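In this text the structure is predicted, and so the values were computed from the model without any measurement. Proteins come first, then strands; the chains are lettered A, B, ... in the order of their sequence lines, and each starts at number 1.
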2 protein chains.
Amino acid sequence: MEFSERKRKILKAIVESYVESAEPVGSKAIAESSELNLSSATIRNEMAELTAMGLLEQPHTSAGRVPSHQGYRIYVNELMNEHRLSLEETREINKALKSKVSRLDELLSDAGKVISELTNYPAYAVAAPAQAVRIKRFECVYVDANTVIAVAMLDNNTVKNRIMSFPVGLEEDFVKKLAAVFNANFTGITGDEMSAELISAAEKSTGDSCGAVAALASFAISALAPETVRRTYLAGAPQLLTLPEYRDVDKAHRLLNYLTEETALEKVPDAGENGVKILIGAENVAEELKDAGVVLASYDLGNNMQGVIGVVGPTRMDYAKVAAYLSYIAKEMKQAAKGGEIPRLLEHPAEERNDEQ
Amino acid sequence: MEFSERKRKILKAIVESYVESAEPVGSKAIAESSELNLSSATIRNEMAELTAMGLLEQPHTSAGRVPSHQGYRIYVNELMNEHRLSLEETREINKALKSKVSRLDELLSDAGKVISELTNYPAYAVAAPAQAVRIKRFECVYVDANTVIAVAMLDNNTVKNRIMSFPVGLEEDFVKKLAAVFNANFTGITGDEMSAELISAAEKSTGDSCGAVAALASFAISALAPETVRRTYLAGAPQLLTLPEYRDVDKAHRLLNYLTEETALEKVPDAGENGVKILIGAENVAEELKDAGVVLASYDLGNNMQGVIGVVGPTRMDYAKVAAYLSYIAKEMKQAAKGGEIPRLLEHPAEERNDEQ
DNA sequence: GTTAGCACTCTTGCCCTCTGAGTGCTAAAC
DNA sequence: GTTTAGCACTCAGAGGGCAAGAGTGCTAAC
């Protein structure tokens, strides 16, 4: 049974009709809508063969056909047309990104929101260090004898800080020395490399007796921890409930629960540099996504940071369109992060974040 | 028609039965379960009067009764027993709070999660400054000629920072002077008070010509902005879908959408110091909450920060239990924030946050 | 004032039928 | 050999009717 050109056209028409209507597609509809000029009986024969090949499925005998996961796969790989964004769409994306480009947090969260709105599916945005982050520079701000603010600048152009209080008063000179020793010994180092030996060496060379070195070291370790550095945002989760495939409350609940779990989105794969990846049904690793579709794009944020933005929906998804959106926004975000535009006032673009109480 | 003791008992029994079962309550059930020792016919008469008084409602003629919003109100004000938490419950709450008490972010987010888990309703946690925040101390870390990290410590014991890059190289002494001038002129000041005059005065006294003062000022303004300082967390939103009143996908969608909107939770009222507030149905301001119930508790976080933690659910809620949870956790969070425990390593408890790209 | 009794109401579930969409197969037409 | 008209068949879904059950309100007796 060969996969003739005609079969491809029929499969394509079925996928596209089903994506739009969410209803099983019958032979008559295809015969009428497509420009194949074949009777429904012929289409019917072809559809039977496509079903035998595993590309279509039949909810029940007297219903039309629905694409199988494998059918979607073939559609995505071989049949779908590239979707071109309208001017308005690109404008909307750019507007969302431009406004707050100076903070990665907001960049990610706004990107997720705009994608979710444009596609009507839940969207997520993740940024994670490409390699383990390292400390670039250390500073201790002496506030008063009992209070010091530790500041660490990381190689992903992030600054972390922590207020530390000491019941025993500290000398200002001692605090300066602390910073100097940390700068000398701990820059260029990852969290894993912060060994007990290094720390106790620092303790010796500063003559610390009140735990200041230990406190600083613990701050550094937590600042470098992957959980601290990575950012994940989920937007438009409730959109799920507007989809016919999630009218089933329990099904919706299961997926929403999964998406809301912190760790879920951390596990998403990336798509390789500048690529768009499409995962259909069982191609997803997570059990909860086995009957969903995921489209994601990854991009380089510079400064040792890697971004991933994606969309989660039913397998019946307009993959071409979603992929086009994601590909476009990924490119734009890379641009934005690379400092394509310098915000007013000379602040460093996309290079800051707030560290607070 | 007076509101006799007997009527009160019947109303109480009806509310409690309905809260548990989510099904309209019939006279027979009350006659059997309550220890009033009355026949169902008598109960029936009383129920008819309670309905006439507006405390009960009838979904249709041959169904049982359901408490009206007003009925819940009376129940909450006058009838319900105080719920006592079990040892296990308090232990679970304490466990959730103790682990990460050193970061307000996580304290709030964990508190929301544990409350949502215990009650099976969506929960939210907000922290906002009681009064406009002010800058307590300023610092500029000189990284290299083109890069400075601005650090501002606020009076809510928050530290914000921003990396700034300058195309024109800066002298280290100039950067020191910048910090000194800012410390002299801008401490104790709110965002609103940062006037153009103050800024241009600072420009003059530092002899700044490359926009450094303006950049710093803009950083200070954004660090002091209420949006930047306030924190809101929503946990367990998908729990909504497990409730019988939200089997209706559209209803669930509407409420979820509302809760997920950023601004929704910012508008929640607080409950006065250490109080618990219960808002039933139309008592809520937001249209989307008019057929929901909200229970919230507020507490002082110290350092000019005010916390609110709350739960959103159907009007059919175990108000006594939820109020008890919230009251308990609010007290514990206040304790935790006040530095009830000093974490290992002498770090200042609940006084830090990360500021990052 | 309370309660037993009863007629009445209305929802819910169930079964049945009918309809229509869609199929697969066969045989004829091209 | 391929295409198509025709037809019998299948099955989900909508609609109607029916019985059961829960609950009510009212009346009359206690």
Side-chain angles (χ1 to χ4, degrees), chain A residues 1-11 13-15 17-18 20-68 71 244-245 247-248, chain B residues 1-11 13-15 17-18 20-68 71 244-245 247-248:
Chain A
M1 207 170 339
E2 40 119 37
F3 191 35
S4 64
E5 190 53 32
R6 198 168 72 179
K7 279 200 184 61
R8 304 163 78 88
K9 279 190 182 146
I10 293 175
L11 176 58
I14 291 176
V15 169
S17 160
Y18 183 64
E20 203 194 309
S21 70
E23 311 254 292
V25 185
S27 55
K28 205 168 149 215
I30 296 298
E32 281 164 8
S33 73
S34 81
E35 62 298 324
L36 287 166
N37 283 326
L38 290 170
S39 75
S40 68
T42 311
I43 305 277
R44 216 143 51 228
N45 288 330
E46 295 284 47
M47 281 166 81
E49 294 190 11
L50 283 167
T51 309
M53 292 165 75
L55 305 185
L56 295 179
E57 279 166 3
Q58 222 171 353
H60 54 264
T61 0
S62 75
R65 300 303 210 286
V66 162
S68 68
E245 23 274 285
R247 301 302 295 182
D248 174 355
Chain B
M1 207 171 339
E2 40 119 36
F3 190 34
S4 63
E5 188 53 32
R6 197 168 73 180
K7 280 201 184 59
R8 303 164 79 87
K9 279 191 182 144
I10 292 175
L11 177 58
I14 291 176
V15 170
S17 160
Y18 183 63
E20 202 193 310
S21 70
E23 312 253 292
V25 184
S27 55
K28 204 167 149 215
I30 296 299
E32 280 164 8
S33 73
S34 80
E35 60 301 320
L36 287 166
N37 283 326
L38 292 169
S39 73
S40 69
T42 311
I43 306 278
R44 217 142 51 228
N45 289 331
E46 295 284 48
M47 282 165 81
E49 295 190 9
L50 284 167
T51 307
M53 292 164 76
L55 305 184
L56 294 180
E57 280 167 359
Q58 222 170 353
H60 54 264
T61 3
S62 75
R65 299 304 209 288
V66 161
S68 68
E245 23 274 286
R247 301 301 295 184
D248 173 356

Rounded to whole angstroms, how far apart are [atom1] on [X] and [atom2] on [N]?
X	N	atom1	atom2	answer
B/Ile43	C/dT3	CD1	P	9 Å
A/Leu36	D/dT3	CG	C1'	14 Å
B/Glu49	D/dT24	CD	P	14 Å
B/Lys28	D/dG23	NZ	C1'	10 Å
B/Ile30	C/dT3	CD1	P	15 Å
B/Gln58	C/dT9	CD	C1'	10 Å
A/Leu56	C/dT23	CG	C1'	14 Å
A/Glu46	C/dT23	CD	C1'	16 Å

Please check: side-chain N/O of B/Ser33 versus main-chain N/O of B/Ala29, any donor-acceptor pairing under 3.5 Å?
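Present.
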Heteroatom pairs (N/O) under 3.5 angstrom, protein to nucleotides 27-30 of chain C:
none

Where [X] and [Y] come nearest, the two heavy atoms and their spacing:
X	Y	answer
B/Gly64	B/Pro59	O-CD, 3.3 Å
A/Gly26	A/Met47	C-CE, 4.2 Å
B/Ser17	B/Val25	OG-CG2, 3.4 Å
B/Tyr18	B/Pro67	CD2-CD, 3.5 Å
A/Gly71	A/Leu11	O-CD2, 4.1 Å

Given B/Ile43, which of B/Leu38, B/Leu50, B/Ile14 fulfils the side-chain contact (heavy atoms from CB on, under 4.5 Å) condition?
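That would be B/Leu38; it is the only one of B/Leu38, B/Leu50, B/Ile14 passing the side-chain contact (heavy atoms from CB on, under 4.5 Å) with B/Ile43.
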Which one, [options], comes nearest to the side chain of [X]?
X	options	result
B/Leu38	D/dC11, C/dT3, D/dT4	C/dT3
B/Arg6	C/dT3, C/dT2, D/dT3	C/dT2
A/Arg65	D/dT10, C/dT3, C/dT23	C/dT23
A/Thr42	D/dT24, C/dT3, D/dT3	D/dT3

Please, which pairs that meet side-chain hydrogen bond (donor to acceptor under 3.5 Å, both in side chains) have at least one residue in residues 37-47 of chain B, sequence neighbours excluded?
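Only B/Arg6-B/Glu46, B/Lys7-B/Glu46, B/Ser27-B/Arg44, B/Ser39-B/Thr42, B/Ser40-B/Arg44 qualify under side-chain hydrogen bond (donor to acceptor under 3.5 Å, both in side chains).
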When the axes are fitted on five pairs at both termini, how much does the helix from C/dG1-D/dC30 to C/dC30-D/dG1 curve, in 10° steps?
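Comparing the axis at each end, I get an angle of 20°.
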Footprint string (nucleotides 16-22 of chain D, 5' to 3'): B base within contact, S backbone only, - free, heavy atoms under 4.0 Å
------B
Scoring nucleotides 13-18 of chain C by protein non-hydrogen atoms under 4.0 Å (B base, S sugar-phosphate only, - none) yields ------
For [X], give me all partners under side-chain hydrogen bond (donor to acceptor under 3.5 Å, both in side chains), at least two apart in sequence or on another chain.
X	result
B/Thr61	none
A/Ser21	none
B/Glu20	none

Sequence neighbours excluded, which residues qualify as side-chain contact (heavy atoms from CB on, under 4.5 Å) partners of B/Thr51?
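Only B/Leu56, B/Arg65 meet the side-chain contact (heavy atoms from CB on, under 4.5 Å) criterion with B/Thr51.
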Want to settle it: does A/Pro24 or A/Asn45 sit nearer the 5' end of DNA chain C, counting the closest nucleotide to each?
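Counting from the 5' end, the first nearest nucleotide belongs to A/Pro24.
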Could you tell me which residues satisfy salt bridge (Lys or Arg N to Asp or Glu O under 4.0 Å) with B/Glu23, sequence neighbours excluded, listed by chain and number?
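Partners of B/Glu23 under the salt bridge (Lys or Arg N to Asp or Glu O under 4.0 Å) test: none.
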Partners passing salt bridge (Lys or Arg N to Asp or Glu O under 4.0 Å) against B/Glu5 (at least two apart in sequence or in another chain):
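With neighbours one apart ignored, the set is B/Arg8.
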Using atom names, set out every protein N or O paired with an N or O of nucleotides 4-8 of chain C below 3.5 Å, distance rounded to 0.1 Å.
from	atom 1	to	atom 2	distance (Å)
C/dG5	O6	B/Arg44	NH2	3.1

